[in-house]
Amino acid sequence: VTGDWSAPPPGLQTLSIVLHHIGDVALIALYPPFLANALRTRWTALFARAPARIGLAIVAVSLLVFVFSGWPDAHAYFRRVPVLYLAMCLTFAYAFGVSLHAWQAATTESERRRARAFVIGFGIRDVLWSVQYGAMSYLFLTSWSQGPPPTVPDWYLIYPLGTLLEVPLI
């Protein structure tokens, strides 16, 4: 038997990339409105309104179209995907900032507990994922312009670590 059994079939790998980016843009479209509903501060109030939610959805779909408009040319994809990743970094930074603000501005103990839970549960993940996506953006624009290396760097563990820390804290 020959072949590389560690690599997924090309079609499955492509499907995985497409589904992951659909999840990425869904996060951009849904996370700020979720925060607006959960934290209810002046920093989140904009995203409680329908026009802002529609605007986020349009931005998210536009990012997805932009990233895949160069597909299947790998060079074009690797030059475009950092834009999506940087938009995710901005979303995570916003989420962390509004959670900290909600904690500081809380007027009741229940508001304070909820905001603290967001800072601890989601905030750790948001910071770790911002580091991960920010580093990937930088590398895709510089040394990975033709694609990532064949082996996964150790710092890629930041992404699953963010998820593993988030789940029990929520």
So how far is it from I17 CD1 to I22 CD1, rounded to the nearest 0.5 Å?
->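 Here the interatomic distance stands at 12.0 Å.
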Evaluate the side chain to side chain contact (heavy atoms under 4.5 Å, CB included) criterion for residues V18 and F68: first the C-alpha distance (whole Å), next the side-chain angles of each, then the deciding distance (0.1 Å), finally the verdict.
-> CA-CA 9 Å; V18 170; F68 286 116; 3.9 Å; yes
Contacts of R113 that satisfy salt bridge (Lys or Arg N to Asp or Glu O under 4.0 Å) - sequence neighbours left out =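 In terms of salt bridge (Lys or Arg N to Asp or Glu O under 4.0 Å), with neighbours along the sequence ignored, R113 is linked to no residue.
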Joint hydrophobic cluster, [X] plus [Y], side-chain heavy atoms closer than 4.5 Å:
X: Y94; Y: I58; answer: no
X: L30; Y: L90; answer: no
X: M88; Y: V59; answer: yes
X: F34; Y: L56; answer: yes

Non-neighbouring partners of [X] that pass side chain to side chain contact (heavy atoms under 4.5 Å, CB included), sequence neighbours left out:
X: A52; value: L46, F47
X: A106; value: E111, R112
X: A38; value: F118
X: D73; value: H75, A76

Do [X] and [Y] make a side-chain contact, defined as non-hydrogen atoms from C-beta onward lying under 4.5 Å apart?
X: Y133; Y: D24; answer: yes
X: L84; Y: V25; answer: yes
X: S99; Y: F122; answer: no
X: V83; Y: V67; answer: no
X: F92; Y: L27; answer: yes

May I ask you to check whether over 12 heavy atoms, not counting those of Y138, lie within 6.0 Å of atom OH?
->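 Open: at most 12 neighbouring heavy atoms sit under 6.0 Å from OH of Y138.
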Can you pull the side chain to side chain donor-acceptor pair (under 3.5 Å) pairs that have at least one residue in residues 29-39, sequence neighbours excluded?
->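 Output for this query lists Y31-R125, Y31-D126, N37-R40.
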Under the side chain to side chain donor-acceptor pair (under 3.5 Å) rule, what pairs show up with a residue in residues 82-93, not counting sequence neighbours?
->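 Listed once each, the pairs would be none.
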Closest non-hydrogen atom pair, [X] against [Y]:
X: A29; Y: A60; result: CB-CB, 3.9 Å
X: C89; Y: S130; result: SG-O, 3.4 Å
X: S137; Y: P82; result: OG-O, 3.4 Å

Taking only residues two or more places apart in sequence or in another chain, which ones pass side-chain hydrogen bond (donor to acceptor under 3.5 Å, both in side chains) with [X]?
X: Y77; value: H21
X: R53; value: none
X: S16; value: none

Tracing side-chain links under 4.5 Å among I, L, V, M, F, W and Y, which residues wind up in one group with V127?
->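 Listed partners: F96, L100, W103, V119.
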